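To start, the structure itself, in structure tokens.
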Protein chains: 4
Amino acid sequence: MPRQARAAETVAAILEAAAQILESDGLATFTTNAVAERAGVSIGTLYQYFGDKNAVLLALARQELAAALAEVTRALQGEVDPTVEGRVRAMIRAMIHAFRGRQRARKAVVQAILAQGLGIELMAPVASFIATASAAIGSGPEAKLPGLSSQQLFVLSRSALGVIRAAVLEEQPFLRSRGFEDELVRMVVAYLGAIIAAADSGPGRTRA
Amino acid sequence: MPRQARAAETVAAILEAAAQILESDGLATFTTNAVAERAGVSIGTLYQYFGDKNAVLLALARQELAAALAEVTRALQGEVDPTVEGRVRAMIRAMIHAFRGRQRARKAVVQAILAQGLGIELMAPVASFIATASAAIGSGPEAKLPGLSSQQLFVLSRSALGVIRAAVLEEQPFLRSRGFEDELVRMVVAYLGAIIAAADSGPGRTRA
Amino acid sequence: MPRQARAAETVAAILEAAAQILESDGLATFTTNAVAERAGVSIGTLYQYFGDKNAVLLALARQELAAALAEVTRALQGEVDPTVEGRVRAMIRAMIHAFRGRQRARKAVVQAILAQGLGIELMAPVASFIATASAAIGSGPEAKLPGLSSQQLFVLSRSALGVIRAAVLEEQPFLRSRGFEDELVRMVVAYLGAIIAAADSGPGRTRA
Amino acid sequence: MPRQARAAETVAAILEAAAQILESDGLATFTTNAVAERAGVSIGTLYQYFGDKNAVLLALARQELAAALAEVTRALQGEVDPTVEGRVRAMIRAMIHAFRGRQRARKAVVQAILAQGLGIELMAPVASFIATASAAIGSGPEAKLPGLSSQQLFVLSRSALGVIRAAVLEEQPFLRSRGFEDELVRMVVAYLGAIIAAADSGPGRTRA
DNA sequence: AATGAATGAGCCTTCATTCAT
DNA sequence: AATGAATGAAGGCTCATTCAT
């Protein structure tokens with residue numbers, strides 16, 4: 001399969017070039033021509049593999065997202081603290097450290113994805129992943145986590161992601177700090193606890 | 001002050017036109033020429049008041065943000081329910097219903113602001129507002145809310161805003177539903193409770 | 001005549017503002033609005049006194065040109081060296097030092113005048129002045145200068161002006177140097193000498 | 001090299017279109033869109049080869065300047081008349097007839113170049129050319145022309161160019177007349193003679 | 001006389017995408 | 001499969017000028 005190997009190399013080169021441009025110059029200079037040039041291929045070749053500009057962005061985002069989810073899976077399967085907090089922390093830590101440290105590229109990708117309205121498609125795999133993961137989280141020693149409603153799943157995932165996303169977009173220096181991680185964990189664990197408590201006392205009532 | 005009144009009218013007309021265009025057609029047709037035409041002024045007049053296209057978007061965002069914060073303030077002063085949950089619910093409800101029901105325009109503005117990297121400046125007033133508001137929330141009958149750290153403030157505000165923002169961007173139909181509001185309130189209240197509990201048992205430790 | 005005095009003040013303020021803007025920022029920022037603002041008058045007032053943008057430029061150029069010609073006249077009437085060279089030198093020196101030392105403004109005015117094709121009207125007074133002056137130059141002790149043909153007048157005036165103009169446009173540092181003045185004088189005097197020699201030996205023949 | 005040949009054709013077509021538009025309509029209608037259309041290429045193609053509007057003008061000016069200098073060189077090598085006057089006349093005639101007779105285009109280019117302050121860069125090759133040429137002129141049978149100082153070179157070149165430039169800008173009908181050429185030659189030859197005389201009698205003194 | 005908000009024609013320029021080679 | 005010259009729709013923006021107040 002020399003053909004496919006070559007093609008995979010080209011695609012990888014394009015995605016790497018895209019990430020580099022986003023990392024160094026942001027969205028402003030992220031043009032298809034610039035990406036092709038940086039990747040060392042012609043613009044025509046780029047369009048051989050990607051239908052349009054957004055497809056490059058989407059592929060990059062998907063690649064990094066998949067890597068992050070794989071990392072989360074790995075973290076959960078590792079011999080981490082099997083308590084709810086331990087598992088939540090593992091997930092959050094993986095999410096915080098996604099995109100291999102390229103914060104500027106990550107910011108640019110998030111901006112582009114949101115601006116293009118592509119966030120919806122990207123969130124679908126996240127949502128199903130979270131659903132699965134929440135079951136795993138709730139299967140531990142302390143586990144009593146009921147099945148989560150779709151809105152609970154939404155609030156749970158978007159609150160954590162939203163905080164991380166905001167930190168990335170605002171370039172908050174504390175993004176990778178322990179204190180920030182602690183607070184995120186506290187928030188998620190508290191919310192999970194509240195959901196369990198509500199399920200115990202009866203559905204439909206909100207309890208502080 | 002006929003001068004200033006006239007100018008204010010013109011500016012208001014431009015912002016209203018901008019909102020209308022965003023609401024009906026989204027970012028794609030949001031051009032300065034289109035905005036000026038819809039506003040009934042010449043393109044030159046638009047540029048008399050706004051330095052460039054982004055300035056229009058930013059002004060619109062600021063206007064709606066200020067309106068939302070004012071609404072939150074009003075809701076808090078309404079004293080509907082002086083409990084923590086009551087106050088949190090009032091705030092969240094105001095945030096959910098911001099932008100006078102123009103969900104598409106809201107989405108477009110959020111997209112544009114984020115894409116332009118202007119989210120940072122817009123969050124500044126929100127942060128200081130939340131800091132003040134959290135003090136107010138903690139001053140009720142059940143009050144034991146300690147002063148919040150800047151990272152706690154960040155997590156608190158961005159988690160709620162992030163969830164609402166995601167719902168707006170993903171055009172979730174349940175945005176204005178009671179169930180969604182309930183979950184948001186549950187999350188915020190639970191997190192506040194966890195902060196209080198942590199403050200009681202000693203700083204620096206995260207408790208589930 | 002308070003009316004006229006006021007008007008003269010306004011006109012002067014506008015011309016001064018124009019010169020200042022040209023001196024500090026060049027042609028790029030020379031807009032009617034900028035001139036009016038710098039002059040402390042409204043744009044409407046500017047148009048009360050000047051028909052259009054070019055009129056401001058032309059008035060400024062005419063003012064400085066008149067000052068330069070007056071200076072030349074003064075120089076010739078002064079007790080300068082009454083030889084041809086002395087008189088030529090006096091004229092050239094006055095031309096070099098025109099525009100009161102505002103070299104950038106001078107450059108900008110020259111650029112603008114040339115670019116607008118207004119050079120023709122400005123050269124008319126210069127031509128007639130030179131014609132008169134050449135007669136005066138030829139009326140000295142060594143005088144045998146014949147009446148000059150229109151083409152000779154043209155070459156005579158444009159060669160000297162052209163050299164100075166080029167030095168101004170190219171911002172040559174030697175513009176005000178003695179050596180540069182010497183060369184200009186040498187050129188003009190040599191040409192005058194050649195014209196006389198040709199007239200002596202018979203019209204229509206060119207002699208080295 | 002079909003690639004490069006195609007590109008050269010395109011560039012040539014654009015420059016030719018630019019010259020035609022300047023010749024027929026002047027600077028007013030010289031827009032990049034008009035040039036591209038006249039050249040039979042898209043506006044995008046124009047910008048593929050020229051960074052901006054000015055670059056087109058500059059390239060046209062450089063092309064014509066190079067052609068004129070080549071023509072001067074050819075004239076000097078033609079050895080029509082090896083005397084100083086003969087050589088000077090050959091040079092001046094070539095300069096007068098530069099721009100292939102397109103007087104209006106020439107005027108427009110000169111205006112644009114001067115207005116943009118690009119005259120400086122365009123004069124650099126002229127200066128070095130004149131320096132070389134003056135040595136060639138002085139190498140004939142009557143030759144005693146000393147090495148010229150940079151200021152002498154400046155006055156020599158700019159006086160001739162300045163007169164021609166003025167004639168072009170003022171659209172003087174006598175530009176191509178024999179009498180005008182005679183006067184220019186007379187001026188230049190006289191100045192060269194004065195330089196030689198001054199060099200003979202001792203440097204630093206100006207002689208009438 | 002003065003003000004300055006308003007006008008609007010129209011230019012320059014970008015960049016995603018195509019397709020002949 | 002790759003190339004890259006060419007395309008062209010479309011939009012942001014300037015600034016000289018007007019005129020109602």
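Note that the coordinates shown come from a computational prediction; the quantities given were computed from them, not determined experimentally. Throughout, a chain's letter reflects where its sequence line sits, starting with A, and its residues are numbered from 1.
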Please tabulate, one pair per line, each protein N/O and nucleotide N/O from nucleotides 8-10 of chain F that are separated by under 3.5 Å, including the distance.
residue, atom, partner, partner atom, Å
dG8(F), N7, G44(D), N, 3.2

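Map T10(C) and G40(B) each onto its nearest nucleotide of DNA chain E; the residue landing nearer the 5' end is T10(C).
If you measure from atom CZ of F30(C) to atom P of dT14(F), you get 19 Å, rounded to the nearest angstrom. Summarising the geometry, the separation between CZ on F50(C) and P on dT18(F) is reported as 16 Å, rounded to the nearest angstrom. Per the geometry, CG belonging to L46(C) stands 17 Å off P belonging to dC19(F), to the nearest Å. Note: CG (L27(C)) to P (dA16(F)) measures 11 Å, nearest angstrom.
A salt bridge does not link R38(B) to E16(B): none of the charged side-chain nitrogens sits closer than 4.0 Å to a carboxylate oxygen. E171(A) has no carboxylate O lying under 4.0 Å from a charged side-chain N of R104(A), or vice versa, which leaves the two without a salt bridge.
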**Message:** Output the pairing pattern of DNA chain E as a dot-bracket string, 5' first, Watson-Crick or G-U wobble with both distances under 3.5 Å, | for cross-strand pairs, [ ] for crossing pairs.
**Reply:** .||||||||||||||||||||

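Residues L114(C) and V110(D) have side chains not in contact (no heavy-atom distance under 4.5 Å, counting atoms from C-beta outward). Counting heavy atoms from C-beta outward, N54(B) and L57(B) have side chains that approach closer than 4.5 Å. Between F30(A) and V35(A) there is a side-chain heavy-atom pair separated by less than 4.5 Å.
Among the nucleotides dC13(F), dA6(F), dT17(E), the one closest to the side chain of R6(D) is dA6(F). Counting only heavy atoms from C-beta on, Y49(B) has its side chain closest to dA5(E) among dA5(E), dC13(F), dT3(E). Nearest nucleotide to the Q48(A) side chain, out of dT17(E), dC12(E), dA2(F): dA2(F). Taking the side chain of T32(D) as heavy atoms from C-beta on, and the options dA16(F), dC12(E), dT17(E), the nearest nucleotide is dC12(E).
Of all the residues in residues 51-64 of chain A, D52(A), K53(A) reach under 4.0 Å from DNA chain E with at least one non-hydrogen atom. Contacts between residues 112-121 of chain D and DNA chain E, defined by a heavy-atom separation below 4.0 Å, involve no residue at all.
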**Test log, rule side-chain contact (heavy atoms from CB on, under 4.5 Å), inputs I113(D) and L58(D)** = CA-CA 7 Å; I113(D) 294 298; L58(D) 202 49; 3.7 Å; yes

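Here A59(A) pairs with L15(A), F50(A) under the side-chain contact (heavy atoms from CB on, under 4.5 Å) rule; sequence neighbours left out. Listed by chain and residue number, T45(A) satisfy the side-chain contact (heavy atoms from CB on, under 4.5 Å) test with S42(A) (two or more places apart in sequence, or in another chain).
Within a 6.0 Å sphere centred on CD of E37(B), heavy atoms belonging to other residues, nucleotides or ligands number 12 at most.
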